[in-house]
Amino acid sequence: MKKQTLNVAMIGHGFMGRAHSNAFHQVGHFFDSPYALRLKVICGRNQAALEQMAARWGWEEIATDWRAVVERKDVDIVDIGTPNRLHHDIALAAAQAGKIIFCEKPLAMSVEEARRMADAMRGRPNLVWFNYRRVPAVALAKRLSDEGRLGQVFHYRATYLQSWGPDPARVGVWRFKQSEAGSGAMGDLLSHSIDLALWLNGDIAEVSAMTHTFAPGREVDDAVLLLARFRNGSIGTFEATRYAIGCRNRNAFEVHGSKGMVGFNLEDLNRLHFFDAAEPPVVQGPHNLLVTATEHPYVSKFWPPGHIIGYEHTFIAALGDFLSALESGQTYHPNFDDALKVQQILETVTISSKQGSWIKVPGAPA
Ligand SMILES: NC(=O)c1ccc[n+]([C@@H]2O[C@H](COP(=O)([O-])OP(=O)(O)OC[C@H]3O[C@@H](n4cnc5c(N)ncnc54)[C@H](O)[C@@H]3O)[C@@H](O)[C@H]2O)c1
């Protein structure tokens, strides 16, 4: 059967430009889909860098004006991989032009922006790159939780630890500018942890938070810590920082319930720790599961059992799921509405850290 071609326009050609370009190429190799993605045009500000990027990753054209790109009739999908400041304006223009939209996290700089974006795309195909939901071990944690194998959840504990905050070579980067990034570790790292927490453990009702900036004069938070009460009665702690010396990208969580526990750490992404309290006490202990069996999520899409995967597969799997949802007319998650909920929590965290008190998350009953 001839596949339907979807022309992609990628805005931004940095780290995520590469991760997404790879996923656009690879998705059809691993996932069955009636769509063929065509890497039509990649847009940025630096002509020479764009030419290099297009040559290396197989983009047909380059462009430097994103407004002209999103209005092109021959573009079906607009993928936003720019600094956070631009997400809103690009998404609204692309929505206006009737495009499918993919957007990097955090969705926006504020709840107001995120709400406008979600309103503009509700009921229309869209995706937010909270890619860690597609790690097989994380998807297995979700399956075990949905099957009731954790029982009543008591504790949710998440840490997202990086260490590049004090690096003098990174001083001028957009991630440290309030006007470009909106926040520091909060939007960059905590947003991922909150998305996973909402997915794995449900809504957060209220938070008590602190933010801290170690670098003198820096405009954004270097670290954020918070306590949370979930609607299901469990309590949570979150820590996201760019000053965790010794940890390059430790995105980890543990969930303790009445019947068991799961634990995940991105530094060892093919593994899930699972403790099953229903086992006889003489053999009870944490199982260190290598999540590479055919029965595990996503594994059969990639390699034979036992063959590990990496960071890039999370983007490929997200895209594979999106194309399958597009084909069947189902709503893909996480989408702009899901990311709006994350944004609401980030804003509540900011208010709480300023006021030094517990704050209810808007729309979430205590
Ligand atoms: N999902 C994840 O795990 C993950 C990881 C890293 C970054 N991100 C997110 O992805 C986004 C981009 O981050 P990155 O690490 O790729 O940044 P980056 O600095 O590597 O790349 C940003 C790109 O945006 C382009 N850009 C800036 N202004 C532009 C403009 N006016 N028009 C067109 N292009 C413009 C730059 O030229 C550059 O190519 C951010 O929102 C970030 O939070 C997500």
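When a ligand or atom number is given, it counts from 1 through the structure's own listing order. For reference, positions follow the sequence shown, starting with 1.
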A.B. asks: What protein heavy atom lies closest to atom 39 (O) of ligand 1? Include the residue and the distance to one decimal.
C.D. replies: His13 N, 2.8 Å
A.B. asks: Should one rank His192, Arg45, Lys105 by closest heavy-atom distance to atom 42 (C) of ligand 1, which comes out on top?
C.D. replies: Lys105
A.B. asks: Give the atoms of ligand 1, by number and element, whose distance to some non-hydrogen atom of Glu104 is under 4.0 Å.
C.D. replies: 1 (N), 2 (C), 4 (C), 8 (N), 9 (C), 10 (O), 11 (C), 41 (O), 44 (C)
A.B. asks: Out of all atoms in ligand 1, which are within 4.0 Å of some heavy atom of Trp129? Include the element for each.
C.D. replies: 1 (N)
A.B. asks: Could you tell me whether some N/O pair between Trp174 and ligand 1 is separated by less than 3.5 angstrom?
C.D. replies: yes
A.B. asks: Taking the inter-plane angle between the rings of Tyr160 and His192 on a 0 to 90° scale, is it parallel (under 30°), tilted (30 to 60°) or perpendicular (over 60°)?
C.D. replies: tilted
A.B. asks: When rounded to the nearest 0.5 angstrom, what distance separates NE2 in His273 from CG in Asp268?
C.D. replies: 6.0 Å
A.B. asks: Report yes if the side chains of Phe238 and Val224 come closer than 4.5 Å at any heavy-atom pair, otherwise no.
C.D. replies: no
A.B. asks: Kindly indicate, with the supporting measurements, whether the criterion ring pair (Phe, Tyr, Trp, His ring centres under 6.0 Å) is fulfilled by Trp199 and His333.
C.D. replies: CA-CA 10 Å; Trp199 189 52; His333 297 279; 10.0 Å; no
A.B. asks: Report yes or no: is the cationic atom of Arg229 (NZ for Lys, CZ for Arg) closer than 6.0 Å to the six-membered ring centre of Trp358, at no more than 45° off its axis?
C.D. replies: yes
A.B. asks: Among Gly44, Ala19, Pro106, whose heavy atom sits nearest atom 33 (C) of ligand 1?
C.D. replies: Gly44
A.B. asks: Can you tell me how far apart CZ (Arg133) and OG1 (Thr314) are? Round to the nearest 0.5 Å.
C.D. replies: 13.0 Å
A.B. asks: Would a distance-only check, ignoring hydrogens and angles, find a side-chain to backbone donor-acceptor pair under 3.5 Å from Thr159 to Leu161?
C.D. replies: no
A.B. asks: Is the shortest distance from a heavy atom of Arg18 to ligand 1 less than 4.0 Å?
C.D. replies: no
A.B. asks: Among the heavy atoms of Asn131, does any lie under 4.0 Å from an atom of ligand 1?
C.D. replies: yes
A.B. asks: What is the nearest protein non-hydrogen atom to atom 11 (C) of ligand 1, stated with its residue, atom name and distance?
C.D. replies: Thr82 O, 3.3 Å
A.B. asks: Where is the tightest heavy-atom contact between Ile316 and Phe302, given as atom of each residue plus distance?
C.D. replies: CG2-CE2, 4.0 Å
A.B. asks: Regarding ligand 1, does Phe15 bring an N or O atom to under 3.5 Å of one of the ligand's N or O atoms?
C.D. replies: yes
A.B. asks: Would a single hydrophobic cluster contain both Ile308 and Phe274, if residues Ile, Leu, Val, Met, Phe, Trp and Tyr are joined by side-chain heavy-atom contacts under 4.5 Å?
C.D. replies: no
A.B. asks: Would you mind finding which of Met10, His87, Met16, Met53 brings a heavy atom closest to atom 5 (C) of ligand 1?
C.D. replies: Met16
A.B. asks: Can an N or O of Phe315 be found at a distance shorter than 3.5 Å from an N or O of ligand 1?
C.D. replies: no
A.B. asks: Any atoms of ligand 1 less than 4.0 Å from a non-hydrogen atom of Leu86? List them with their elements.
C.D. replies: 28 (N), 29 (C), 30 (C), 31 (N)
A.B. asks: Taking atom 41 (O) of ligand 1 as the point of reference, which of Asp89, Thr64, Asn84 owns the nearest heavy atom?
C.D. replies: Asn84
A.B. asks: Identify the protein heavy atom lying closest to atom 21 (O) of ligand 1, giving its residue, its atom name and the separation to 0.1 Å.
C.D. replies: Gly14 CA, 3.4 Å
A.B. asks: Does only the side chain of Val173 get under 4.0 Å from ligand 1, or the backbone, or both, or neither? Count heavy atoms.
C.D. replies: neither
A.B. asks: To check your reading of the model: name the closest protein heavy atom to atom 7 (C) of ligand 1, its residue, and the distance in Å.
C.D. replies: Arg175 NH2, 3.2 Å
A.B. asks: Is any side-chain N of the basic residue among Asp276 and Lys259 closer than 4.0 Å to the acidic one's carboxylate O?
C.D. replies: no
A.B. asks: Under 6.0 Å between ring centres, would you say that holds for Phe176 and Trp164?
C.D. replies: yes
A.B. asks: Considering the heavy atoms of Trp66, write down every atom of ligand 1 situated less than 4.0 Å from one of them.
C.D. replies: 32 (N)
A.B. asks: Go through ligand 1 atom by atom and flag the ones less than 4.0 Å from a non-hydrogen atom of Gly81.
C.D. replies: 12 (C), 22 (C), 23 (C), 24 (O)
A.B. asks: Out of Gly12, Ser191, Pro83, whose heavy atom is nearest to atom 22 (C) of ligand 1?
C.D. replies: Pro83
A.B. asks: Please answer whether the main-chain N or O of Leu225 pairs with a side-chain N or O of Glu239 as donor and acceptor at a distance below 3.5 Å.
C.D. replies: no
